[in-house]
Amino acid sequence: MAGLRLGPLLRYVDWESGSTATVWVEASRPCTVQVRCADGASGTSPTFSVAGHHYALVVVEGLTPGSTTAYEVLIGSQRVWPPDGSRLPPSTITTPSVAAPAGRTEGAAEGTTEDAVEGATGSVRVASDGVRISFGSCRWAAAPGGGHDPAGPDALVTLATHLAADPAAERPDVLLLLGDQVYADETSAATRRRLATRRDLKEPPGTEIADYEEYTCLYDESWRDPEVRWLLSTVPSCMIFDDHDVIDDWNTSAAWQRDLRATPWWHERIVSGLMSYWVYQHLGNLSPAALAADPAYAAVRASPDGTEALRRFAAETDADPARTRWSYRRVFGRVRLVMADTRAARVLAEDQRAMLDPGEADWLREAVLDDPASYDHLLIGSSLPWLLPPLVHDAERWNASMCAGVRGPRWARFGEKLRRAGDLEHWAAFPESFDRFTELLREAASGPDAPATVCVLSGDVHHAYIAEPRWPDTPPGTGSASGSSSGPTPGPAPASRVLQLTCSPVHNSIPRWIRAGFRFGWSRAGRRIGRFLARHGRTGASPVTWDRQGGPWFGNQLMTLTLLGRKSALSLVQARASKRGDQLEAVLERSLTPES
């Protein structure tokens, strides 16, 4: 008899119809999986197989809009979720309240607490408490190696414990996991013991992950914790990878890529990493319609064993990243989320270096600018921050100039060594991409249909902060503004408030000297050093400057945006140990838009 090996994970909830959701599971054997809801909604799906593992992404249809309904998972006639004797609440699916007359299209207007608001298409959405979006990145399921965990309480576990203990607590409508969901290059003591039963850890890649089967161990470790398992079964999630999902500094540079491809173990690592990401994370990001149109999904499901079809897809994607799009767009009422792939979509040739290949850049532009009247808030998920502490930004831009040969070959060789040693591969390290992305944000934030806020949501850097840009042509004191008239050619002043919101880690650690470095990066002295580097690197003026509006905060943490109409509020909580057990403590609560 087949059983439930991992999951369920509630992934996609349709905010257009309010009646459809997807639930991901891994079973122990081939079988048919059913999700059955208390309100009569249900869905079934046969499993598909990859490398001896069996998965299903069940499309649940017929949900009641504006409801919260408990569900169970069955394999055959046997209920496998919730587990017998569970002390945790039932897993539920919550759908938005939607009244959708014929002709409704994506992005209809969202209602206020008491009144429905009619959208441009005549469709109506009612929401009593807005949209709550929690986000963060960088989660060790367990500390690498062995011994004491230096990171402290896990923010995701602590959130799950808090929500499970208090049925009245406000839950996120969606959880955005912005990278490093698993650490393929920093494995725990328990995972190392499992790896040692399969191969000699003295041979490369040593204690790092080598193949698909070993990736499944990481997801087991990350998602099997009872509290996290319950949380992910109840709160919909959107995910994107970052470097540690494959390897630290993934796709830093063309030289880095050449060196890795020359090793005997890299090909299996990258193919397995992309295969596992596709199965465990990517599929759940997609709508049922997108799944139905996905040729890789169709090929894998059509075969009794989809391993070779998926291996071929992953190998072809590694050889030509432009053939696959990992980025995606989601709509939550009057909130648009555009999740951008800032790892696999890179162009690494030094003379063409770009964060996004041309096709990806065009897609991002269209996803951001299409039909701006249909949303009040624009969120762009980028695992890597757009705006860094100014000294760090200037150092990365200077380093990119050195690597490009502005100061000659000796400086270029030194720059490449420094780039890898210092992880200098954020947006600033791709100067032309940074400038184009900055201009795209200004364009999205300008004009009569501009949203109230444009927020870039990021992780990666193991601390949290808020940064606000100042464009050259806008007087100081007006939100996204700057009083400088020098530098880049001014464009239209943004009407929206534009913010970089960075939150990391969910569960990880950061050395004290790096904390001090990030703090120094915002200081006046740090800015002066940055200006010196810019002159030495001949980098030219940045199209935007920015100030820190909050932080840096260090600890295991999550940010939450609450969006209602054109209002927006931000909160930050940290997981901290106490005599009463691990608690979520509020660090910040702030309105991001005027209260008018």
Side-chain angles (χ1 to χ4, degrees), residues 340 342 353-356 361 364-365 368 380 382 384-404 406-407 415 418-419 422-446 454-456 458 460-461 465-494 496-502 517-518 520-549 551-552:
T342 56
R353 189 170 165 81
M355 181 68 83
L356 307 175
L364 178 63
R365 180 176 179 82
V368 165
I380 300 179
S382 167
L384 302 170
W386 162 52
L387 301 179
L388 291 161
L391 173 57
V392 180
H393 172 91
D394 287 333
E396 294 203 11
R397 201 162 175 120
W398 165 83
N399 177 260
S401 183
M402 295 300 99
C403 292
V406 167
R407 289 285 184 177
L418 186 62
R419 177 156 60 187
D423 293 355
L424 307 182
E425 36 85 34
H426 298 81
W427 280 94
F430 297 78
E432 291 186 10
S433 294
F434 176 90
D435 293 354
R436 286 195 295 268
F437 186 51
T438 300
E439 183 55 33
L440 174 61
L441 294 176
R442 190 211 302 250
E443 192 172 346
S446 303
V454 176
C455 297
V456 180
S458 305
D460 180 69
V461 291
Y465 60 90
I466 305 167
E468 184 164 16
R470 304 191 313 270
W471 268 270
D473 63 328
T474 315
T478 59
S480 302
S482 170
S484 173
S485 60
S486 60
T489 302
S496 313
R497 189 171 192 193
V498 182
L499 293 167
Q500 167 71 66
L501 304 177
T502 302
F518 279 128
F520 182 73
W522 291 102
S523 68
R524 290 183 179 180
R527 290 174 186 265
R528 286 196 295 269
I529 294 172
R531 288 193 290 271
F532 168 79
L533 291 174
R535 289 193 297 272
H536 181 265
R538 302 169 186 168
T539 61
S542 174
V544 70
T545 58
W546 55 97
D547 289 325
R548 176 168 48 96
Q549 299 297 327

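Since we're looking at a predicted model, the values are computed, not measured.
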message: How close do Pro543 and Asp435 get, counting heavy atoms only, and between which atoms?
response: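 Here Pro543 and Asp435 meet closest at CD-OD1, 3.2 Å.
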- request: With rounding to the nearest 0.5 Å, note down the distance linking CH2 in Trp398 to CG in Leu418.
  value: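 It comes to 5.5 Å.
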message: In the structure I gave you, are the side-chain heavy atoms of Glu443 and Arg365 within less than 4.5 Å of one another anywhere?
response: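 The answer is yes; the side chains approach within 4.5 Å.
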task: Apply the test salt bridge (charged side-chain N to carboxylate O under 4.0 Å, His left out) to residues Arg442 and Glu439: give CA-CA distance (whole Å), side-chain angles for both, the deciding distance (0.1 Å), then the verdict.
output: CA-CA 5 Å; Arg442 190 211 302 250; Glu439 183 55 33; 3.5 Å; yes
- prompt: Of the options Phe430, Phe434, Phe437, Trp386, which is the one that meets Met355 in a side chain to side chain contact (heavy atoms under 4.5 Å, CB included)?
  reply: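 Checked Phe430, Phe434, Phe437, Trp386 against Met355; only one passes side chain to side chain contact (heavy atoms under 4.5 Å, CB included): Phe430.
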- prompt: Short question: side chain of Ser496, backbone of Val498 - any donor-acceptor pair under 3.5 Å?
  reply: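 Pair absent, no side-chain N/O of Ser496 close to backbone of Val498.
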- request: Looking only at non-hydrogen atoms, find the nearest pair between Pro385 and Trp427 and report the distance.
  value: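 Nearest heavy atoms, Pro385 then Trp427: O-CD1, 3.3 Å.
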query: How many angstroms lie between atom CD of Glu396 and atom CG of Leu424, to the nearest 0.5 angstrom?
result: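 The CG atom of Leu424 is 5.0 Å from CD of Glu396, to the nearest 0.5 Å.
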- prompt: Could Glu468 and Arg497 be called an ion pair, given the rule that one side-chain N must be under 4.0 Å from one carboxylate O?
  reply: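 A salt bridge is present here (some side-chain N lies under 4.0 Å from a carboxylate O).
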task: Please round to the nearest 0.5 Å and tell me the distance separating atom CD1 of Ile380 and atom OG1 of Thr342.
output: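 Spacing of CD1 (Ile380) from OG1 (Thr342) equals 12.0 Å.
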query: Hey, does Tyr465 have a side-chain heavy atom less than 4.5 Å from the side chain of Gln500?
result: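 Contact flag for Gln500/Tyr465 side chains = yes.
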query: Taking atom types as modelled, is there a side-chain donor on Trp471 or Thr438 under 3.5 Å from an acceptor on the other?
result: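 There is no such pair (donor and acceptor under 3.5 Å, judged by atom type) between the side chains of Trp471 and Thr438.
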query: Between Arg436 and Ala354, which heavy-atom pair has the shortest distance, and what is it?
result: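 For Arg436 and Ala354, the tightest heavy-atom pair comes out as NH2-CB, 4.2 Å.
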field: OG1 on Thr502 to CG on Leu387, rounded to 0.5 Å
entry: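 Atom-to-atom, Leu387:CG and Thr502:OG1 are 8.0 Å apart.
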query: So, the side chain of Ser523 versus the backbone of Gly526: is there a donor-acceptor pair under 3.5 Å, distance only?
result: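 At least one qualifying donor-acceptor pair exists.
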query: Considering all heavy atoms of both residues, which atom of Ala429 and which atom of Ala400 are nearest to each other, and what is their separation?
result: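 Heavy atoms only, the tightest pair is O-CB, 3.5 Å.
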field: Side chain Ser458, main chain Ser382, donor-acceptor under 3.5 Å
entry: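 Indeed, once roles are kept as given, a pair shorter than 3.5 Å links the two residues.
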message: Going by the rule salt bridge (charged side-chain N to carboxylate O under 4.0 Å, His left out), which residues pair with Glu425 if we only count those two or more places apart in sequence or in a different chain?
response: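 For Glu425, the residues satisfying salt bridge (charged side-chain N to carboxylate O under 4.0 Å, His left out) (neighbours in sequence not counted) are Arg343, Arg346.
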field: For Thr539, all residues meeting side-chain contact (heavy atoms from CB on, under 4.5 Å), sequence neighbours excluded
entry: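 With sequence neighbours excluded, Thr539 shows a side-chain contact (heavy atoms from CB on, under 4.5 Å) to Arg397, Ser401, Ala534, given in chain and number order.
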message: Nearest 0.5 Å, please: how far is NE2 in His536 from CZ in Arg407?
response: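 One gets 4.5 Å once the value is rounded to the nearest 0.5 Å.
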- request: Please collect all salt bridge (charged side-chain N to carboxylate O under 4.0 Å, His left out) contacts where either partner lies in residues 525-549, sequence neighbours excluded, each pair once.
  value: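 As it turns out, the salt bridge (charged side-chain N to carboxylate O under 4.0 Å, His left out) pairs with a partner in residues 525-549, which skip direct neighbours, are Arg470-Asp547, Arg527-Asp547.
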- request: Compare every heavy atom of Cys403 with every heavy atom of Gly415, then report the nearest pair and how far apart it is.
  value: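 Closest approach of Gly415 to Cys403: C-SG, 3.3 Å.
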message: Assess the residue pair His426 and Asp460 against the criterion (side chain to side chain contact (heavy atoms under 4.5 Å, CB included)); give the C-alpha distance rounded to whole Å, side-chain angles, the decisive distance to 0.1 Å, and a yes or no.
response: CA-CA 10 Å; His426 298 81; Asp460 180 69; 2.7 Å; yes
message: Main chain of Leu388, side chain of Trp546: is a donor-acceptor contact present, judged purely on distance under 3.5 Å?
response: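 It does hold such a pair.
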